[in-house]
K.L.:
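Have a look at this one before I ask anything.
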Amino acid sequence: MSATALDDVDLLSPEATEDPYSVFATLRDTAPAVWSERHQSWVVARFSDVEAALTHRGLSSDRVAPVLARQRAKDEPGTESSATRVLDILKSWMVVSDPPEHTRLRKLAAGAFKAQRISLMGEHIQSRVDAILDDFISSGERDLIHHVAYPLPAAIIAEMMGVPLEDQDRFRAWSDELALVAFGAGGEARGERHTRALRGIEEMFAYLQGLVDAARAAPGEDMISALAAPVEDGDRLADDELLSMLALLLFAGHETTINATANGVLALLRNPDQLALLREQPDLAPKAVEEVLRIDGAIKVLIRWTTEDVEVGDMTIPAGDRVFLALAGANHDPDYFPDASAMDITRHPNRHVAFGRGIHACIGAQLARLEMRHMIASVVERLPGLRLADDAEISHVPSLAARALRELPVVHDA
Ligand code: HEM
């Protein structure tokens, strides 16, 4: 079957930004893979195809190396620009590497995660959630993103890594800058904004290097100390790999958990019967978290490149092409999820792909789930009469990958 072209697919249009699910529904109905002229990319949106693609060896995650090669070609011979230096560090992010490099990096990271014993962190996370909600209630603030969803993941990952709490606010700026430089945020951003982002990232690396030096001088129980130490078979992260890993952990766990929590609360507010059910049966919190991740998760699209001809459904995507795997499309596929567009916090089974699949499946999923369970359950319990503010205007940040609300103004009777 030949390539199917719709009029064209624009995942950054205002309509797609507010309601990507309708766009992906059209794509699902059209073909297993649809070519977008605008994005110069294939888009795959059916559950079975997305799931198969996520475990296909012919789809590469390596998308920083080509940007690095282009950047290097622009440098004066014998010199290294700031962009080259930064990209050279970011290229060892496991999320943008393929086996065998990925296998090694993932193993080293997994060891450090395991040492944190996340399953035992529930009580601690709850005490942070309580403090955040105490502040929210007493402050009279309205934006649930900034004052409720935002502080938790930053505080927890900062603690796990041994980063002082007072430095948390710098994470968000660094996160944005990393997205801009590593992935060009939808195109290769240039000019003043790009130069500023590079400066910010170099500052972040210098900052992280200070933490690494301190952890080496006096190792503690934190993740930086664990990642800096050699593992059983003697392997260890080289200095640049270590900086890269720390930047990735800050970046990957921060914005995603904030957005997933905020999207989840909004989904409950828009489905009052489900909110009432969760209030009545707080034990449903773990299932409710899976359902909010499915119905409006934090990541809409993952990007891959084909390294060989790849079959998707009854189509073939040629080698060397870019492919968008629409997690948001897969998670709403009625051929896989009964009554897919309805929110059902008792849904079981619920094998959504909000955390990806295969070798790159989210390494922080257990932590993210725990944070979301405690936060969402406590928001429901402690904020009776929770509703959207009358003047709330719900809108999202235009982004290919992230499903991010701009703000979530609420009122409550607490
Ligand atoms: C609700 C919150 C989160 C969501 C929706 C999410 C989603 C994802 C997804 C979809 C992937 C797969 C990427 C790919 O295949 O290209 C991924 C990978 C990853 N996530 Fe998460 N994530 C979340 C929270 C976290 C947290 C809390 C951390 C760390 C503290 C984290 C660290 C990572 C890392 C390091 C990877 C790369 C794994 C690899 O390449 O092997 N994530 N995440």
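Computed from a predicted model, the values in this text were never measured in an experiment. Ligands are counted one by one from 1 in listed order, and the atoms in each one are counted from 1 as well.
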K.L.:
Counting from 1, what ligand 1 atoms have a heavy atom of A260 closer than 4.0 Å?
P.N.:
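Contacts of ligand 1 toward A260, numbered from 1: 1 (C).
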
K.L.:
Based purely on interatomic distance, does R63 place a nitrogen or oxygen under 3.5 Å from a nitrogen or oxygen of ligand 1?
P.N.:
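By distance alone, the answer is no.
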
K.L.:
Just by distance, with hydrogens left out, do Q126 and S378 show a side-chain donor and acceptor under 3.5 Å apart?
P.N.:
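Judged by distance alone, the side chains do pair up.
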
K.L.:
For T257, is at least one N or O under 3.5 Å away from an N or O on ligand 1?
P.N.:
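N/O-N/O distance below 3.5 Å does not exist for this pair.
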
K.L.:
Can you check ring-ring contact (aromatic ring centres under 6.0 Å, His included) on F24 and H332, steps first, answer last?
P.N.:
CA-CA 9 Å; F24 292 132; H332 282 231; 9.2 Å; no

K.L.:
Check ligand 1 against A368 and write out every atom of the ligand that is under 4.0 Å from a heavy-atom position of the residue.
P.N.:
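Near A368, the atoms of ligand 1 are 1 (C), 2 (C), 24 (C).
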
K.L.:
Which of the numbered atoms in ligand 1 are below 4.0 angstrom from a heavy atom of R304?
P.N.:
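Those qualifying, in numeric order: 14 (C), 15 (O), 16 (O).
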
K.L.:
Using a strict cut-off of 4.0 Å, indicate which atoms of ligand 1 neighbour a heavy atom of L302.
P.N.:
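Reading through ligand 1 atom by atom, the close ones are 13 (C), 14 (C), 15 (O), 16 (O).
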
K.L.:
Is the NZ or CZ atom of R170 positioned over Y207's six-membered ring, under 6.0 angstrom from the centre and within 45° of the axis?
P.N.:
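Yes - R170 lies over the ring of Y207, closer than 6.0 Å to its centre and within 45° of its axis.
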
K.L.:
What residues, two or more places apart in sequence or in another chain, satisfy side-chain hydrogen bond (donor to acceptor under 3.5 Å, both in side chains) together with E203?
P.N.:
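Listed in chain order: nothing, the list is empty.
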
K.L.:
Between A354 and ligand 1, find which residue part has any heavy-atom pair under 4.0 Å and reply side chain, backbone, both or neither.
P.N.:
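For A354, only backbone atoms sit under 4.0 Å from ligand 1.
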
K.L.:
Could you list which atoms of ligand 1 come closer than 4.0 Å to a heavy atom of V95?
P.N.:
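Ligand 1 atoms under the 4.0 Å threshold to V95: 13 (C), 16 (O), 37 (C), 40 (O).
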
K.L.:
Geometry only, no angles: is S61 polar-contacting ligand 1 at N/O separations under 3.5 Å?
P.N.:
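No, since none of the N or O atoms of S61 sits under 3.5 Å from an N or O of ligand 1.
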
K.L.:
Assess the side chains of H146 and E407: does a donor N or O sit below 3.5 Å from an acceptor N or O?
P.N.:
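Result is no, nothing qualifies.
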
K.L.:
As an exercise, identify every atom of ligand 1 less than 4.0 angstrom from a heavy atom of I157.
P.N.:
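So the answer, numbered in order with elements, is 30 (C).
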
K.L.:
Enumerate the atoms of ligand 1 whose separation from the nearest heavy atom of H102 is less than 4.0 angstrom.
P.N.:
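Those qualifying, in numeric order: 39 (C), 40 (O), 41 (O).
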
